Amino acid sequence: MSIETAVLHEDKKLAAAEYKSAVKPIWCPGCGDFGVLASFYNALSELRIDPARAVVASGIGCSGRFPAFVEAYGFHGVHGRVLPLATGIKMGNPDLVVCAVGGDGDAFSIGAGHLPHAARRNVDITYIVMDNEIYGLTKGQPSPTSPLGMERKASPYGSIESPINPILMTLAYDASFVARGFSSRPKEVTELIKQGITHKGFAFIQIYSPCVTFYDTYKHFREVTAPLPANHDPTDKLAAIRLAMSEESLYLGVFYKKERPALDELVTSKRQIAGDSFSLEKLVNSYRS
Amino acid sequence: MSIETAVLHEDKKLAAAEYKSAVKPIWCPGCGDFGVLASFYNALSELRIDPARAVVASGIGCSGRFPAFVEAYGFHGVHGRVLPLATGIKMGNPDLVVCAVGGDGDAFSIGAGHLPHAARRNVDITYIVMDNEIYGLTKGQPSPTSPLGMERKASPYGSIESPINPILMTLAYDASFVARGFSSRPKEVTELIKQGITHKGFAFIQIYSPCVTFYDTYKHFREVTAPLPANHDPTDKLAAIRLAMSEESLYLGVFYKKERPALDELVTSKRQIAGDSFSLEKLVNSYRS
Amino acid sequence: MQRMDNDLVIRIGGESGEGIVTTGEVFARIAAFAGLEVYTVRTIPAEIKGGHVMFQVRASQNSVFSQGDELDMLLAFNQEAYENHAHLLKPGGILVFNSDELTPPTPQNGTAQYGLPLNELAKSISFVRGKNIVAIGALVKLFDLPYERAQKVVERQLGRKGGELLRQNLQALETGYKYVEEHISRESPFHLKGREATEGDRLVISGNQALSLGVITAGCKFYAGYPITPASDIMEFLAAQFPKLGGTMIQAEDEMAALAMAIGASFTGEQAMTATSGPGLALMVELLGHASMTETPVVIVDVQRAGPSTGMPTKVAQGDLRLAVYGGNDEAPRIVVAPISVEDCFYQTINAFNLAEKYQVPVILLSDQDMSVRVETIPPLRLKDVHLEPRLLAQPTEGNGADEPSLHGYERYVDTPSGISPMSLPGTPGGQYTAEGLEHDATGAPNYTPEMHATNTEKRFRKIQGALEDARRWNMFERLGSADPVVGIIGWGSTSGPVREAVQQAQENGMRVAALYPKLLCPLPEEDIRRFSASLKAVIVPEMNYLGQFAEMLEPRLDVPVIHLNKYSGVPFNANEIYKRIRETYEWATEVGKEAERMSAAVALR
Amino acid sequence: MQRMDNDLVIRIGGESGEGIVTTGEVFARIAAFAGLEVYTVRTIPAEIKGGHVMFQVRASQNSVFSQGDELDMLLAFNQEAYENHAHLLKPGGILVFNSDELTPPTPQNGTAQYGLPLNELAKSISFVRGKNIVAIGALVKLFDLPYERAQKVVERQLGRKGGELLRQNLQALETGYKYVEEHISRESPFHLKGREATEGDRLVISGNQALSLGVITAGCKFYAGYPITPASDIMEFLAAQFPKLGGTMIQAEDEMAALAMAIGASFTGEQAMTATSGPGLALMVELLGHASMTETPVVIVDVQRAGPSTGMPTKVAQGDLRLAVYGGNDEAPRIVVAPISVEDCFYQTINAFNLAEKYQVPVILLSDQDMSVRVETIPPLRLKDVHLEPRLLAQPTEGNGADEPSLHGYERYVDTPSGISPMSLPGTPGGQYTAEGLEHDATGAPNYTPEMHATNTEKRFRKIQGALEDARRWNMFERLGSADPVVGIIGWGSTSGPVREAVQQAQENGMRVAALYPKLLCPLPEEDIRRFSASLKAVIVPEMNYLGQFAEMLEPRLDVPVIHLNKYSGVPFNANEIYKRIRETYEWATEVGKEAERMSAAVALR
Ligand SMILES: Cc1ncc(C[n+]2csc(CCOP(=O)(O)OP(=O)(O)O)c2C)c(N)n1
Ligand SMILES: Cc1ncc(C[n+]2csc(CCOP(=O)(O)OP(=O)(O)O)c2C)c(N)n1
Ligand code: SF4
Ligand code: SF4
Ligand SMILES: [Mg+2]
Ligand SMILES: [Mg+2]
């Protein structure tokens with residue numbers, strides 16, 4: 001566990017409720033994001049994270065309102081830029097626990113260009129995507145994970161774009177931790193978040209989080225999700241890919257997990273190569289005539 | 001073959017040289033892009049493409065200068081936006097043959113957010129990425145395909161970002177045609193481009209195209225590339241993925257190919273559902289008090 | 001006793017999800033159907049669901065141009081609505097409230113109040129969700145509106161013919177109507193006389209709807225866009241209509257993709273567009289310059305909202321003017337057009353497309369949150385008078401041994417006296433060229449010589465100057481008020497509504513005041529503006545922003561003191577705020593011998 | 001016969017790849033080492049490799065501030081160089097050419113010419129690539145520069161000590177030197193007297209290098225950026241140095257990511273920055289507003305280049321001023337700083353960081369292509385005088401039962417008289433808050449009330465006004481010329497060089513002329529500018545753009561005619577162009593009784 005710089009003093013622990021901020025969630029009653037938030041509180045509590053040493057960053061969307069509801073430092077960024085924002089936070093102070101959160105539109109539409117790079121850099125952050133397969137905040141347009149043919153005001157004759165497969169995608173990006181949860185299974189989600197936070201490197205967690213107002217998928221996901229086979233070896237990338245491509249079930253659990261140096265570790269190692277013999281005066285003098 | 005709207009009259013054919021424009025390439029002598037350009041001329045010639053019905057769009061980079069060298073319509077776009085630009089061109093006039101071209105930085109760095117969407121929409125364009133694993137035009141910074149540890153002015157102690165795998169990535173995006181070539185094998189490249197153009201849907205072709213000035217990889221690619229196994233079935237996605245992940249060889253050829261409706265076909269089908277009973281007056285009248 | 005009025009303001013307040021907006025919109029439609037002019041305004045809660053909503057309808061015998069300042073009636077669905085709005089009731093106004101939810105104190109200052117047991121009434125017909133329709137029925141009676149027209153509107157808006165929902169809604173309407181008749185008064189307390197009401201001689205429409213109709217009327221068939229409040233419903237409108245007329249709507253992955261797609265489609269000859277709000281426009285700045293440099297026509301609608309950054313997505317501002325006019329790396333000529341009202345959204349959209357096509361430039365159409373979502377009555381659209389401007393295309397000629405007519409020696413960016421170069425569309429034989437974002441010669445080949453860059457810069461800027469003449473010909477100016485004004489107002493966009501009323505009031509009070517609203521903001525019609533202000537003593541520039549963006553553009557061009565009137569609280573001006581400033585300025589301007597302090601400094605007004 | 005000069009302009013032309021730039025840079029260093037002041041300018045070919053390159057060195061006994069108009073010597077490596085530049089030779093100038101490549105016609109108007117068989121000479125020492133070093137040796141002799149200093153520079157710049165390459169280069173240097181001595185003249189035709197040359201009393205440096213040194217001096221340790229000409233070498237500079245001092249440089253995937261990373265790092269307390277050019281700045285507009293709204297300090301360097309769009313990446317323009325000042329959806333306060341010279345790049349970078357940290361805003365530092373790549377001599381940097389401004393942090397206090405000092409009742413966005421709110425950094429107990437891009441209350445919780453938005457808008461704008469005082473205290477003004485001027489120049493950025501020379505010339509010709517260069521451009525130091533211009537008859541505003549962006553900002557604030565002087569061809573002003581306009585204006589301003597036509601219209605000058 002590489003989060004020791006951000007845990008509370010040995011003898012201290014805060015209850016999940018103590019991670020609740022004074023700001024009241026503005027989500028619709030029944031929104032899946034409530035489940036994710038509760039699991040998040042639990043994960044922080046169980047890991048004994050110090051609220052003053054945790055940062056939750058987000059993009060824009062219903063899900064993007066998340067940070068304000070957590071008793072921690074937070075940053076409500078602009079739409080789609082949460083990964084570079086969180087990267088900057090982590091690299092600005094690697095001692096912090098940094099989580100990035102947001103919706104499927106934020107992550108896979110406007111923010112899609114940042115995901116492969118956060119993954120290949122192996123930035124030590126946990127990225128939680130609350131996937132409701134719809135644009136919630138803007139009132140129900142299809143998102144990159146919406147099923148083909150979805151009828152909404154923006155696609156009255158059925159949408160014409162095939163959905164992406166976020167798990168397969170992040171596996172292809174060589175993200176070092178790839179998992180999926182369902183907000184109605186809070187214990188599992190708590191566990192995934194805990195694993196994501198303790199994983200040293202980029203942890204991607206897709207969480208099905210239904211939008212009761214514009215696309216109520218509770219029943220659907222209860223039917224089509226299933227736990228990953230008990231014998232799945234999360235270090236086996238090809239097996240993970242095969243399971244991510246399954247047409248039978250949408251599997252829940254940790255698809256893949258692999259240790260490799262995180263970005264902050266790599267930066268530190270380069271500093272060692274460069275040495276610490278820096279002198280401003282010497283540098284300036286190298287330009288003397 | 002669904003390109004009949006863009007081929008020359010039955011009895012006509014232009015030589016490869018006739019697809020050469022009046023603008024002289026500004027590339028360094030020996031640049032891999034020359035090979036790609038020559039193959040491109042050949043492919044157009046062999047497919048008997050009408051220069052007046054072909055469009056080549058690009059982003060910014062050495063490779064982005066490509067359109068001006070082709071006797072066809074062209075659009076030199078801004079950095080990273082070639083896919084939506086080409087999408088607009090194709091959807092503006094589906095009778096045209098539309099090719100998008102550019103470099104690895106243009107495609108996988110600043111343009112990375114558009115690739116999954118062009119793929120899932122299955123826009124009927126051919127996307128040729130001239131991958132030199134470096135930023136050529138800006139004089140040699142590491143790109144998303146540069147090897148880890150590459151030493152350049154921007155990474156004097158070795159780069160700290162793992163390279164992406166463009167073939168695996170586009171397979172994960174469910175691109176309907178995925179192939180790889182090497183500019184030093186012009187016959188193969190010509191063949192890939194021809195297949196890409198005739199493929200109805202989004203065709204992604206990565207072409208290793210060494211930069212002699214900032215990263216000369218001719219020798220390297222001659223050593224590590226190999227043709228795809230003769231028995232590879234390009235409709236087998238999982239097999240394609242396995243080969244894309246190979247640590248032995250960088251395979252050349254068509255990894256994957258699958259027919260599904262292209263974006264222009266889907267738009268047409270929705271028009272049929274909507275019917276053609278549109279009347280502006282009726283629509284306006286629906287707002288009458 | 002029945003009050004005869006010709007101008008009433010009704011506000012409805014309650015919890016989001018109670019159907020407040022439907023109540024307001026349906027009531028507005030009924031009023032319009034009864035021959036009244038209506039003007040609505042609404043707030044949108046911060047909560048995704050729930051939260052307080054306000055919907056206001058101003059209904060009048062004559063045209064109305066602003067929301068109205070004080071309330072003649074408040075319909076409070078709950079306690080919060082009462083608390084938020086009751087103080088705005090005029091003396092003599094009426095409070096109507098859901099007596100199942102609140103018990104307001106006894107009224108002071110002559111305000112009457114009627115309780116309606118809305119929950120009970122809805123329950124009595126087993127249609128709990130229908131309490132807002134019950135309320136509509138009550139309003140219809142209270143305002144003495146024709147019941148059969150109310151029925152017709154409900155039939156058109158609230159359910160399929162023969163369906164159960166429609167039956168319930170009609171029953172709810174009746175329940176509310178009857179309740180007032182039986183328990184409050186047989187005689188309606190208000191009677192609003194409509195115009196000579198002929199059915200359907202007005203449209204009841206929002207700015208975004210009028211704008212979308214303009215898009216279709218202009219002949220545009222290509223839209224690419226990314227959802228954003230308050231522009232998304234333009235995309236949704238076109239998504240429903242475009243497929244019927246052979247058009248293409250693509251929901252892009254982001255705003256950059258949206259504009260790039262539109263540029264690509266335009267390159268093939270399509271009239272192409274996107275629509276967004278401020279944050280999206282901010283992302284389009286690089287591509288805007290690209291359209292300018294490659295000389296590609298494209299229309300970008302920006303429905304402005306309050307910022308900066310994500311700001312207040314559901315609140316109004318006029319803060320994007322400078323971004324629209326100047327947004328680009330280095331200098332990228334474009335045209336900026338601003339409609340001044342819901343109705344004008346239709347006409348200026350057409351002008352925007354015409355200017356884009358004619359000058360082969362990006363045109364930014366600046367709407368705003370207020371006029372985009374507001375529903376009001378407007379006169380019928382003059383479809384017959386619409387003039388469309390074609391793109392200048394290079395004409396292929398026969399001969400030269402080619403099989404088909406073809407272009408010979410075609411030069412895409414050839415310099416011309418107007419600066420407009422004929423365009424060749426893909427598919428045209430011999431017209432091949434590469435649209436180029438690098439500086440280029442006439443053929444499009446990159447060229448960096450000092451002479452080329454200077455000549456091209458001049459060409460690109462000269463080109464858009466033509467729009468000044470078009471603005472005159474197409475009457476892209478609204479001038480109102482006195483013929484020989486002493487004080488003038490120069491404004492842009494949706495502030496024209498309250499300004500119109502304020503000017504009218506000022507004139508009624510004997511002040512010589514006039515207003516000019518140019519709808520072309522870039523290039524700025526300097527001459528026309530100078531002509532208007534030539535004899536003025538002062539010019540007031542009202543804007544919903546802090547810095548006085550338009551005022552500052554005008555200042556170097558006018559010889560008269562420019563008075564900034566800024567409101568930056570996310571809500572539109574009301575006519576009174578403008579009137580007050582007119583009066584002050586008028587006094588100052590007409591008072592002889594008074595030291596003329598420098599008045600051009602921004603004077604903040606909330 | 002030896003010419004004694006104290007100011008010479010030498011131009012070197014040839015094919016890219018022949019080492020023209022190295023020739024020029026090494027020669028400039030040798031001249032500087034010999035106690036001369038040098039000022040270089042170069043062109044970059046459109047081709048990636050190959051294409052024509054020009055490098056010009058002006059060397060003088062006194063400080064030089066512009067490139068110089070006519071050539072004293074042209075060194076032509078090939079025919080094209082001769083054709084492009086020979087006409088610029090002064091009467092009495094000298095043409096030096098590679099006689100293995102071209103045979104120029106016999107000179108007219110007193111021009112002397114010397115052929116050097118560069119290919120042959122290089123071949124004679126088996127070092128074909130070294131012909132440019134041979135040329136340097138020849139120049140050293142022609143200009144009578146101290147040979148041992150030339151050797152030292154070659155040793156420092158062109159190879160590792162004891163290496164084969166260095167040996168060859170030194171041999172090439174000697175070969176060129178000797179050839180002139182033996183075949184052309186024992187006596188050098190030019191002799192340039194240096195200052196009292198003490199080794200190392202000048203830096204030979206480019207603007208981007210000076211800027212990068214400023215970054216490190218300011219204490220910044222976080223850089224994220226995306227490569228773009230002409231800003232990339234800032235990133236490359238910091239990539240080499242940051243790891244040594246514990247800093248972090250990330251090459252981001254695009255400009256939006258770069259700025260978002262810098263904002264994130266700043267949130268944790270780091271001084272953070274990015275650098276880009278116009279197209280990149282265009283992409284940052286949304287995030288710029290975000291930094292403004294969340295009140296996050298960040299420095300954005302924009303090395304301007306000619307546009308619009310991709311434009312001319314290797315050519316100069318001052319076209320991004322408005323984008324820098326206004327770029328944002330709705331109104332997002334920021335600070336804009338512009339250095340005026342290579343040397344000033346160092347000091348203004350430090351000021352930019354200080355202002356960002358002090359006011360918790362984005363600061364845009366506007367450099368340009370010309371001063372960024374140009375190498376010149378500057379006085380030593382005054383490292384000792386550097387003043388650093390800390391960020392205002394909330395101070396944790398003991399007590400309240402907490403184990404460690406902690407913040408109590410912390411409010412991130414609390415309104416204060418200055419508008420600056422103390423910041424709490426992650427890691428500070430009790431200081432938890434969410435940085436918010438929506439409109440918010442003092443704690444950061446979203447809040448859309450009209451009062452809150454108005455108050456916050458005022459707070460955010462009030463805050464940056466403080467920079468006006470700092471600009472005075474930190475002397476962010478350059479004033480030069482006459483103490484009681486009749487005609488003034490107000491400019492910004494790198495035009496200050498040619499302006500300085502033009503003003504000097506005008507003064508020498510008896511004109512009372514002065515120039516003011518504010519380095520703070522937003523907020524605009526109106527008072528200081530008005531004070532400067534109070535007694536002037538006219539103000540000339542030279543800019544490397546078409547529209548006169550700065551001039552138009554000044555016009556509403558000045559009571560004196562503002563004369564636009566615009567150059568938009570991608571190349572910098574030369575002093576003569578400025579001098580000409582000064583003379584015209586001066587004549588007009590001092591001629592009595594002459595009708596003062598309105599002179600504020602843009603007068604184009606190429
Ligand atoms: C640049 C920009 N473009 C568009 C928007 C409008 N917008 C806000 S949230 C959102 C998408 C919301 O969908 P998602 O990310 O799935 O989040 P959800 O609301 O479903 O949780 C959009 C398009 C914006 N705020 N900024
Ligand atoms: C918005 C923007 N950012 C940065 C640049 C600078 N730039 C031009 S090309 C390029 C990358 C070139 O690399 P690649 O795409 O691999 O093309 P190559 O030159 O190698 O063919 C960059 C960063 C730009 N033109 N525009
Ligand atoms: S709209 Fe959907 S996603 Fe948004 S808060 Fe409501 S239920 Fe949740
Ligand atoms: S720099 Fe590299 S990629 Fe660019 S033209 Fe030269 S060899 Fe080709
Ligand atoms: Mg969503
Ligand atoms: Mg490349």
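Below, chain A is the first sequence line, B the second, and so on; all start at residue 1. As the structure is a prediction and not an experimental result, all values here were calculated from the model.
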Which heavy atom of B:Leu266 sits nearest to which heavy atom of A:Ile160, and what is that distance? CD1-O, 3.4 Å

How many angstroms lie between CG in B:Leu168 and CG in A:Leu168, if you round to the nearest 0.5 Å? 7.5 Å

For chain A, which of B:Ser269, B:Pro144, B:Pro116 has the most heavy-atom pairs under 4.5 Å? B:Pro144

Could you grab the distance from atom CD1 of A:Ile164 to atom CG of B:Asp174, nearest 0.5 Å is fine? 11.5 Å

For B:Met169 and A:Tyr173, the nearest pair of non-hydrogen atoms, with its separation, is CG-CE2, 3.4 Å

Among side-chain atoms of A:Arg121 and B:Ser162, is any donor-acceptor pair under 3.5 angstrom? no

Could you tell me the separation between the CG atom of B:Leu148 and the CZ atom of A:Arg260, rounded to the nearest 0.5 Å? 8.5 Å

Most heavy-atom pairs under 4.5 Å with chain B, out of A:Asn165, A:Leu238, A:Val267, belong to A:Leu238

Okay, B:Met245 and chain A: the region with an atom under 4.5 Å from a heavy atom over there is side chain

Chain B heavy atoms under 4.5 Å from A:Ser109: which part of the residue, side chain, backbone, both or neither? both

If I compare all heavy atoms of B:His117 with all of A:Ala112, which pair ends up nearest, and what's the gap? NE2-CB, 4.1 Å

Does NZ in B:Lys237 sit with more than 12 non-hydrogen atoms of other residues, nucleotides or ligands closer than 6.0 Å? yes

The reported gap from CD in B:Glu161 to CG in A:Leu263 (rounded to nearest 0.5 angstrom) is 7.0 Å

Where does B:Arg271 contact chain A at under 4.5 Å (heavy atoms): side chain, backbone, both or neither? neither

For atom NZ of B:Lys200, is the number of surrounding heavy atoms from other residues, nucleotides or ligands below 6.0 Å larger than 12? yes

